[in-house]
Amino acid sequence: MFKDRTSDAVESVAGGELPAAQLTHAQILQEPGPRRISRISNFSERYGEWRQQLSLRLSGRDLAPDLAQDIGSARWLRGVATLIGLSGLALAAWPDFSPLTAAPAMQMDRAELDEFRSQTIMPLALGADSGRRMAATQAVVPLKSAPERPRLDLVATLSTGDSFERMLQRAGVGPAEAERVAQMVGGAMPLEDIKPGTQVDITLGRRPAADTPRPLDALSFRARFDLELALDRQGGRLALHPHPIKVDATPLRIRGKVGSSLYRSARAAGAPARAVQQYLRAIGQDVDLNRAIASGDEFDLIVDYKRAATGEVEAGDLLYAGLLRDGKPREQLMRWGKDGRYFEASGVGEQRSGLIAPVPGRVTSRYGMRKHPILGYTRMHAGIDFRASYGTPIHAVSDGTVQFAGRHGGHGNFVKIAHGNGLATGYAHMSKIAVKNGAHVTRGQVIGYVGATGLATGPHLHYEMYRNGKTVNPASVSFVTRAQLAGHELANFRARLAELQTVEPGAALGKIEPDPTFAERPMREIDRLDTRKKVG
């Protein structure tokens, strides 16, 4: 339908072939016959005539032909030369992005620099000064020794894995005095009960001699949520002053509608995030959180809650988890025992099913005969392989005791856990082991991380199950643990449950009388350091 004008170079006319009619730009602009330039009196008309003539001459030379046609001809080479020339011209006109040259810096001598420095605004910690700086004169006499401050007020922090005595020594307290202070504090409370991160206010006095440490004049810190300890020097000897803090331990009870989301509704009602997570885990053991809970149901949480007279608040673990439907209890679980398990109102402990998958990954090889990917021959595959990326945490499938943790032939880094009644589980090819021999582990505890040690083609977990020492198919075994309270312990459990049921929602948020001793203390840090109040 469409043809290029150069493709049909000739046309058939009356049995012959004639060249196709083609008009150049020059032919279009030119008129038949010679063109005569008439007299032009106006400069603009003369400029237009010159411009027209120059355009005719340039169009006749055809400096920019189509480079897709007649490749290799003289016309094509002329077009390439035009392209190269214009490209070079464009590169030559490329803008320069070098920085602009500013005014030359003013030459200043040392005296002028000192003058400018004294007038600048700069923090004192960076070397700023005020006023005009003057050079030293003959009247300046160097001191033999710099004078010391008569008192030092500082704050020391107890780090993780650190001891109270070492912390005092780092703060500048002498070894003998630090040992004495640690003994005095240890007499009031166990030193291991002091939580890492506790800040200790320390005041050091004047040094008796140049080569001796500063004496401890005062010390105070929050030893526990309900106790503050303070030491001061009286008559040359340190005296300990324990100051109990009034604490309201009324549990915090929160109730509300489930709504569109149980977690969001509980958080909106004021429940701590940690308590809500514990509630979901406890209720989720018996109830399908996605299907069995309706928007009209009610949640009931009771959280361990403490308020100090000094204003601090400490939210602990979830004590009671309840779920109501139509005003009637559907689930009632209470935390009981040193292990922190949740028991039903009847005294039956939560059912704990073992984890079928120790890692979140799909099964790549099942229990049975198979061709070994490395050894190349068929043999028994005594476990299940789970696909997982390198470093994925591996969880224990149930409570138990670690029988073996270390290198174990083709298993590489291997952990074996005994669960009682002749059952045990094994976890192979770990990159790192997180437990030791003889350690007691709980269901869901991290015991290691996925790797590719031993005979393994890549990172994965090889999981085995043993019954009386012989391997069995792990998919055929599931762990179920149920505890039943009885006797005196069951009576105590029911008494505690009845006590919690009497707690009113929001009762823990009432007013508490402030401690006047702490209310009189200065709030600003600088005021607290300057007017340290000794507790006695």
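Considering only heavy atoms from C-beta on, Phe414 stays 4.5 Å or farther from Thr453 through its side chain. Counting only heavy atoms from C-beta outward, the side chains of Leu324 and Asp300 approach each other to under 4.5 Å. Contact check for Leu333 versus Glu344: side-chain heavy atoms found under the 4.5 Å cut-off. By the 4.5 Å heavy-atom criterion applied to side chains, Leu191 and Ser163 are not counted as neighbours. Using a 4.5 Å cut-off on side-chain heavy atoms (C-beta onward), Leu229 and Pro242 make contact. Counting heavy atoms from C-beta outward, Asn473 and Ile384 have side chains that approach closer than 4.5 Å. In this structure, Leu168 and Leu216 have side chains that are not in contact, with every pair of non-hydrogen atoms separated by 4.5 Å or more. Side-chain atoms of Gln332 and Tyr320, non-hydrogen and from C-beta on, do get closer than 4.5 Å to each other.
Within the 3.5 Å criterion, the main-chain N or O of Ala271 finds a donor-acceptor partner in the side chain of Arg267. Under a 3.5 Å cut-off, the side chain of Glu165 and the backbone N or O of Ala182 do not form any donor-acceptor pair. The backbone N or O of Lys195 lies less than 3.5 Å from a partner atom in the side chain of Thr198, making a donor-acceptor pair. A donor-acceptor pair under 3.5 Å links the side-chain atoms of Gln445 to the main chain of Thr442, judged by distance alone. Without hydrogens or angle criteria, Thr250 side chain to Ala508 main chain gives no donor-acceptor distance under 3.5 Å. Panel note: side chain His395, backbone Ile447; no donor-acceptor pair is recorded below 3.5 Å. Judged purely by atom type and a 3.5 angstrom limit, His419 uses its side chain to pair as donor or acceptor with the backbone of Asp399. At least one donor-acceptor pair under 3.5 Å links the side chain of Tyr279 to the backbone N or O of Gly322. Arg214 places a side-chain N or O within 3.5 Å of a backbone atom of Gly205 that can act as its donor or acceptor partner. The closest donor-acceptor contact from the side chain of Asp153 to the backbone of Thr203 lies at 3.5 Å or more, if one exists at all.
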Exercise for review: Could you go through the side chain to side chain contact (heavy atoms under 4.5 Å, CB included) check for Lys416 and Tyr466 one step at a time?
Suggested key: CA-CA 10 Å; Lys416 186 176 182 181; Tyr466 306 92; 3.8 Å; yes
Point to revise | Intermediate values then yes/no, side chain to side chain contact (heavy atoms under 4.5 Å, CB included), Ile417 and Thr401 | key: CA-CA 5 Å; Ile417 302 176; Thr401 303; 5.9 Å; no
Practice item. Could you walk me through whether Val397 and Tyr463 pass side chain to side chain contact (heavy atoms under 4.5 Å, CB included), step by step? Key: CA-CA 10 Å; Val397 298; Tyr463 170 57; 3.5 Å; yes
**Study point:** side chain to side chain contact (heavy atoms under 4.5 Å, CB included) evaluation trace for Leu158 with Phe221
**Key:** CA-CA 11 Å; Leu158 183 64; Phe221 68 101; over 6 Å; no
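In this structure, Arg330 places its CZ atom where more than 12 heavy-atom neighbours from other residues, nucleotides or ligands lie under 6.0 Å away. More than 12 heavy atoms of other shown residues, nucleotides or ligands fall within 6.0 angstrom of atom CG in Asp193. Sparse packing is recorded around CZ of Arg387, with 12 or fewer heavy atoms of other residues, nucleotides or ligands lying under 6.0 Å away. No more than 12 heavy atoms of other residues, nucleotides or ligands sit less than 6.0 Å from atom CZ of Arg264. For Tyr449, the OH atom is loosely surrounded, since the number of other residues' heavy atoms within 6.0 Å does not exceed 12.
Salt-bridge check for Arg222 with Glu314: failed, with every basic side-chain N at 4.0 Å or more from each acidic carboxylate O. Using a cut-off of 4.0 Å between Lys/Arg side-chain N and Asp/Glu carboxylate O, Glu499 and Arg496 are scored as salt-bridged. Electrostatic pairing of Asp317 and Arg335 counts as a salt bridge here, judged by a charged N lying under 4.0 Å from a carboxylate O. Ion pairing between Asp162 and Arg170 holds under the 4.0 Å rule for side-chain N and carboxylate O. Between Arg325 and Asp297, at least one side-chain nitrogen of the basic residue sits less than 4.0 Å from a carboxylate oxygen of the acidic one, meeting the salt-bridge criterion.
Residues Val435 and Ala405 share a closest heavy-atom pair of O-CB, 3.8 Å. Listed here is the closest heavy atom pair of Ala171 and Ala156: CB-CB, 4.2 Å. The shortest non-hydrogen separation linking Leu280 to Leu289 is O-CD1, 3.7 Å. Across every non-hydrogen atom of Ala239 and Gln234, the tightest pair is CB-OE1, 4.1 Å. Contact record, Ser295 with Lys257: O-CB, 4.5 Å, taken as the closest heavy-atom pair. Of all heavy-atom pairs spanning Ala266 and Val276, the tightest one is CB-CG2, 3.9 Å.
Within the cation-pi definition used here (under 6.0 Å to the ring centroid, within 45° of the axis), Arg341 does not qualify as a partner of Phe343.
Test Val155, Val181, Asp217, Leu154 against Ile202 for side-chain contact (heavy atoms from CB on, under 4.5 Å) and you get one pass: Leu154. Each of Lys511, Arg307, Lys306 was evaluated against Asp248; a single residue qualifies, Arg307, per the salt bridge (Lys or Arg N to Asp or Glu O under 4.0 Å) test.
Taken from CG in Leu319 to CD in Gln278, the straight-line distance is 9.0 Å, to the nearest 0.5 Å. Considering CZ of Arg407 and CE of Met430, their distance stands at 12.5 Å, rounded to 0.5 Å. Rounding to the nearest 0.5 angstrom, the gap separating the NE2 atom in His411 from the CD atom in Glu464 is 4.0 Å. The CD1 atom of Ile254 lies 7.5 Å from the CZ atom of Phe299; values are rounded to the nearest 0.5 Å. Between the CG atom of Asp385 and the NE2 atom of His460 there is a distance of 4.0 Å, given to the nearest 0.5 Å. Summarising the geometry, atom CG belonging to Leu238 is positioned 6.0 Å from atom CG belonging to Leu231; distances are rounded to the nearest 0.5 Å.
Ring pair Phe493/Trp336 is perpendicular by interplanar angle, where above 60° counts as perpendicular and below 30° as parallel.
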